[in-house]
Structure formats: C-alpha cells, structure tokens
Protein chains: 2
Amino acid sequence: MAQSDTVDRILDAAEELFADRGFSETSLRMITSKAKVNLAAVNYHFGSKNALIHAVFARFLTPFSATLENAFDELEARCDGEPPTLNQTLWALTESAVRMPQRNEKGISIFMRLLGLAYTQSQGHLRKFLEQEYSQPFSRFMRLLKEATPQLSSVDRYWRIQFMLGATAFTMSSSDALRDILQNKLGVETTVQEIAARLVPFLAAGMQAEDAMLVPPSHKSSVA
Amino acid sequence: MAQSDTVDRILDAAEELFADRGFSETSLRMITSKAKVNLAAVNYHFGSKNALIHAVFARFLTPFSATLENAFDELEARCDGEPPTLNQTLWALTESAVRMPQRNEKGISIFMRLLGLAYTQSQGHLRKFLEQEYSQPFSRFMRLLKEATPQLSSVDRYWRIQFMLGATAFTMSSSDALRDILQNKLGVETTVQEIAARLVPFLAAGMQAEDAMLVPPSHKSSVA
DNA sequence: GTCTGTTTGAAACATACGTTTGACCGGCAA
DNA sequence: TTGCCGGTCAAACGTATGTTTCAAACAGAC
C-alpha cells in the first residue's frame, strides 16, 4: 500500500483527508491516526500544520512543474518560432497532468481537488507559498496563453483564464462524484482522460468566443 | 448602516465574515463582536452555528429563487412555446442575480462568494439544506438548458453543465481577490455585472463548441 | 558494548471553539 | 404593584485543536 516511512505515511494520509474535507476541517489527530503514526510526528517532521500542507503540495507540484516545463520546451521546439496554438498549449498541460506517475488510481482527482481548495479556501500562507515556489511554470503558461490569443484584450484574457481555471479545478476536484452520478443516471463509464478530452474543447471554445458583450442582449434578440 | 435589530446585525456580520474567511474559519465570537451583540445571542436566536449559516443563505436565496422563477415564467411566455435559447436562459439567470435588491454595494459579490463556498467547501449540512429548499428552480434551469442544447448528447451536456457550474462557482467564489489582482496589475476596476457579462459569452461558446474530440490531437496537427 | 544523534511515544499544555447556564433588565397585562 | 416573559449579559462548561515536553527506543559509528 504505502511505504512504511513515517513521513510518507503522513503525507499520504494528509493528502487524502485534505482533499476529502478541506484544510481547517482536517485535524492533525485525524491525519496521524489514519497514518498510524504518533501525533507528535507531524510537528517533529514538518514543524507545523501549515508546513505539512505545503509539503503535501510540494510532493506533487515539484515533479509536475518539471514535467510541464519539459512539455512546454518540446512544444515550443516543435513549433519552431511560431507561437503554439491554444489547443496545443492546453493539451500540453492536460497531458502533463494525466501522465504524471500516480501514487494510486485516485491520484489526479485528489490533487485537482487540492488545487481547487488552495484557490477557493483562501489560506493566505498557502497562496503565498504556491506563488513563491511555482511562479515560473505558471508565468510561462500564461505567456503561452497570451501568445495563443492575441486577439483578446488583456482584461478579457485575464477573466477567461479565470473561467478556465474554475471549470478545470471544479470539475476535476469533484470528478469522482460526477463520474458516479453519470454512471448511475446514464450507465456510462468515464475516465479522467475522457473528462479532459471533453474539457479542452469547451475551454478552447470559451477562450475564443466572440467579444464579450458588456450589456445583456435586448429582450427580443435571440442569438443562435 | 444596518438595522439595530439583533437578528439582522448578526446576519449582516455573519454574511460578510463567511464570505471573507469561509465557514469553519469564522467563529461565533468573531461574528458577535463584529455585530456588537452578545455571544449567546446566536444560539438564542438561531439555535446553532449551522442554523445561522442556513439563515444567511435563506435570507438571500428565498427572494432570489422567487425572482428567478418569475424571470423564467416571463422568458417562456415571451418565447411562446418555442424553447428559450441558451443565451436567453443564461441571461435570465444572471439578470435575476444582478437585479436583486442589495443590502449594500458589496451585496452581490458577497453572495456569489458564499454560493461558491457552498459548492466547493463541501459542508454536508449546507448541501442538504440547499437541495431540500431550492431544488425546484434548479431543476427548471436544468430543463431549460436541455431544451436549449438539443444538439448535445446527454453525456456531453452533462459534462458541459459541470464545466459551466465550475467556471461560475469558482470565479464568483474568489471574485473579490481576482478583482483586486486585476486592479493592481492593470489598474482596471471591475463590477460583478461586468464579470457576469464576460462569463456568459464564455459559457455559451463552451456549451456550443464543436463535438468534443475524445483523443488528443496528434503531435503534428495544429487546429486553429 | 558504548556513546551519539535521530526518531518515536504517551502525556500534558495552552488556547479556541460551540454551547449552556442562570442572573438580570425592561416593558406590559392583570 | 405584582408577575410574567422575551431578550440580553457575563461567565462557565466540555470538548477539540495545534503544539510542546521529556523519557524511551532505535540506529549507526567507534
């Protein structure tokens, strides 16, 4: 199941519990009892609960950001000077995520949910930590998005990126539950890869939508 | 500023603090001291912290769902048998939200953030409460979406609705922070109405995107 | 084997939480 | 006045939290 090493057992338990219940709602005692280690081990090995949260993120995010940088390198090399298209950029990201070595079958969805929590559950220290540690691949992704959508104003692009992040984080964070519902209602099986394959066209279409109208349409109009 | 009635003062303070910090991170002592009422007043008037959370939602959601039902009635009457378009349906929703009478200038964004938190911060009791109390307008919205996108398969529509919910809940749940970032980086002021006006075309375009490709594009292809 | 630094263990610490209690106040009906 | 009753208040309750303590167990080097 897991390594018998205390540090990893704590990280495994914390990762799963945080994803299930959020950060504040998960106590160190839940974590240590699930990990079958002593309560004091968390503060001994990590220093504090906040530092444990950082470590949970770092364990996934550090190798992921390396993989992502490689994918971007390869993409830009293939494009040979031309800026990569929006589709190519989005696929580079999703493939990097999907192809990360998983600790277990829930690997991706757990981490997507954690990322979503990090964004919504506004833990100041976490936001600061992520910005400090992983600003480089994030900025690079932003630059690629900018070059792939030169027709958008900065403000439009900014908001549409937030919409993309939202759709992605939200969907992935609850993908287990959503897959179950679909299975029960329509009898359809779905993999994370298939969700991603449906998500990317949705995002690309949204990003490339006609100019946002800043006023609601008149009550009589009806755009197809 | 506010009514000097204890119940309303508690609701006002709780609403704002919940939106700023989340539910678990907001203590009754913070609420009562901000509201300048005695600590015991919350349990006296509402019974428990969870019941207070429900009351905060009910104060906004009950009139909103009435407004929304009216907007849907009016929309369907205008369409005279024809199913309303996707744009019309989405605008009926956002206009109902934007036009709700506001307690103060932060009214909408506070409540959008609360709705986002309700969805992401999976408090079991809250989910249950909202489903029990407000299932009718929700189901109606779903039916309108279905009739507005007959070209989609049930599975595609299901996932794309999740993507829309995600983009909306996520954006609105952090809209204050996002607005601040935009203000600092680009010096642009943004209202919730403007965010909604940018969000709706994004969602509509995503919903109406061409068929999802179920396989990533080959490494050489490059779709515009 | 003995020493040394690291890791675990059970217990306690101080603090914060949601909730409850019982005294107290003010208006109103009898 | 008297008695009541909805509301407020300070104080306490029991519990759970993150963190610290210090002794015991362990591992590796000499």
Side-chain angles (χ1 to χ4, degrees), chain A residues 1-59 114 117-118 121-129, chain B residues 2-59 114 117-118 121-126 128-129:
Chain A
M1 172 96 37
Q3 307 90 327
S4 82
D5 182 26
T6 303
V7 170
D8 286 323
R9 292 236 303 282
I10 292 174
L11 286 173
D12 289 340
E15 179 178 275
E16 199 158 336
L17 285 170
F18 285 153
D20 276 356
R21 324 173 27 95
F23 303 113
S24 323
E25 294 82 356
T26 302
S27 72
L28 292 184
R29 284 168 177 82
M30 293 179 200
I31 295 170
T32 53
S33 81
K34 179 183 178 90
K36 297 200 178 69
V37 302
N38 189 271
L39 169 62
V42 169
N43 282 281
Y44 175 77
H45 286 286
F46 298 94
S48 69
K49 183 181 180 182
N50 281 352
L52 169 62
I53 297 177
H54 297 175
V56 167
F57 277 85
R59 184 169 64 151
L114 286 180
L117 287 180
Q121 202 156 323
S122 68
Q123 305 245 11
H125 67 95
L126 222 191
R127 187 85 64 108
K128 209 169 297 178
F129 170 77
Chain B
Q3 307 91 327
S4 83
D5 182 26
T6 301
V7 170
D8 286 323
R9 293 238 301 283
I10 292 174
L11 286 172
D12 289 340
E15 180 177 275
E16 199 159 336
L17 285 170
F18 286 153
D20 276 356
R21 323 173 28 93
F23 303 112
S24 323
E25 294 83 356
T26 301
S27 71
L28 292 185
R29 286 169 174 82
M30 293 180 200
I31 294 170
T32 53
S33 81
K34 181 184 177 88
K36 296 199 178 70
V37 302
N38 187 272
L39 170 62
V42 170
N43 283 282
Y44 177 77
H45 287 286
F46 297 94
S48 70
K49 183 181 179 180
N50 280 352
L52 170 62
I53 297 177
H54 297 175
V56 167
F57 276 85
R59 184 169 64 152
L114 287 180
L117 286 181
Q121 197 157 325
S122 66
Q123 303 247 8
H125 68 96
L126 222 190
K128 211 169 295 177
F129 170 78

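So you know, we letter chains A, B, ... as the sequences are listed, proteins then strands, and number each from 1.
The side chain of A/Leu28 has D/dT19 as its nearest neighbour among D/dT19, D/dC9, C/dT19. Here D/dT17 is the nucleotide among D/dT8, C/dT7, D/dT17 with the atom lying nearest to any side-chain atom of A/Arg29. Distances from the side chain of B/Ser48 to the nucleotides C/dT7, C/dT19, D/dG18 place C/dT19 closest.
Residue B/Thr26 is in sugar-phosphate contact alone, with no base atom involved, counting any heavy-atom pair closer than 4.0 Å across all strands shown. Within 4.0 Å (heavy atoms only), B/Ala40 reaches at least one base atom of the nucleic acid.
Separating the CZ atom in A/Phe46 from the CG atom in A/Leu11 is a distance of 4.0 Å, to the nearest 0.5 Å. The structure places CG of B/Leu117 at 10.5 Å from CZ of B/Phe18, a figure rounded to the nearest 0.5 Å. To the nearest 0.5 angstrom, A/Ile53 atom CD1 is 10.5 Å from A/Phe129 atom CZ.
Comparing B/Val37 and A/Val42 against DNA chain D, the residue whose closest nucleotide sits nearer the 5' end is B/Val37.
If you take CZ of A/Phe46 and P of D/dG18, they are 15 Å apart, rounded to a whole angstrom. Distance, B/Tyr44 OH to D/dA10 C1': 17 Å, rounded to whole Å. One can place CD of B/Glu25 at 14 Å from C1' of C/dA16, the figure rounded to the nearest angstrom. Atom CG in A/Leu39 sits roughly 8 Å away from atom C1' in D/dG18 (whole-Å rounding). Following rounding to the nearest Å, A/Lys49 (NZ) and C/dT15 (P) show an atom-to-atom distance of 19 Å. Between the C1' atom of C/dT8 and the CG atom of A/Asn38 lies a distance of 6 Å, rounded to the nearest Å. One can place CZ of B/Phe23 at 18 Å from C1' of C/dC17, the figure rounded to the nearest angstrom. Remark: C1' of D/dC9 and NZ of B/Lys36 are 17 Å apart, rounded to the nearest angstrom.
When the side-chain nitrogen and oxygen atoms of B/His45 are compared with OP1 and OP2 of D/dG6, none of them lie within a distance under 4.0 Å. Taking side-chain N and O atoms only, B/Thr6 has no distance below 4.0 Å to OP1 or OP2 of D/dG7. Between D/dA16 and A/Ser27, no contact under 4.0 Å exists linking OP1 or OP2 to a side-chain N or O. Taking only side-chain nitrogens and oxygens, A/Asn43 never comes nearer than 4.0 Å to OP1 or OP2 of D/dG18.
B/Thr26 and B/Ile31 get closest at one heavy-atom pair: CG2-CG1, 3.7 Å.
Checking A/Arg9, A/Arg59, A/Lys34 one by one against A/Glu15, the salt bridge (charged side-chain N to carboxylate O under 4.0 Å, His left out) holds for a single residue, A/Arg59.
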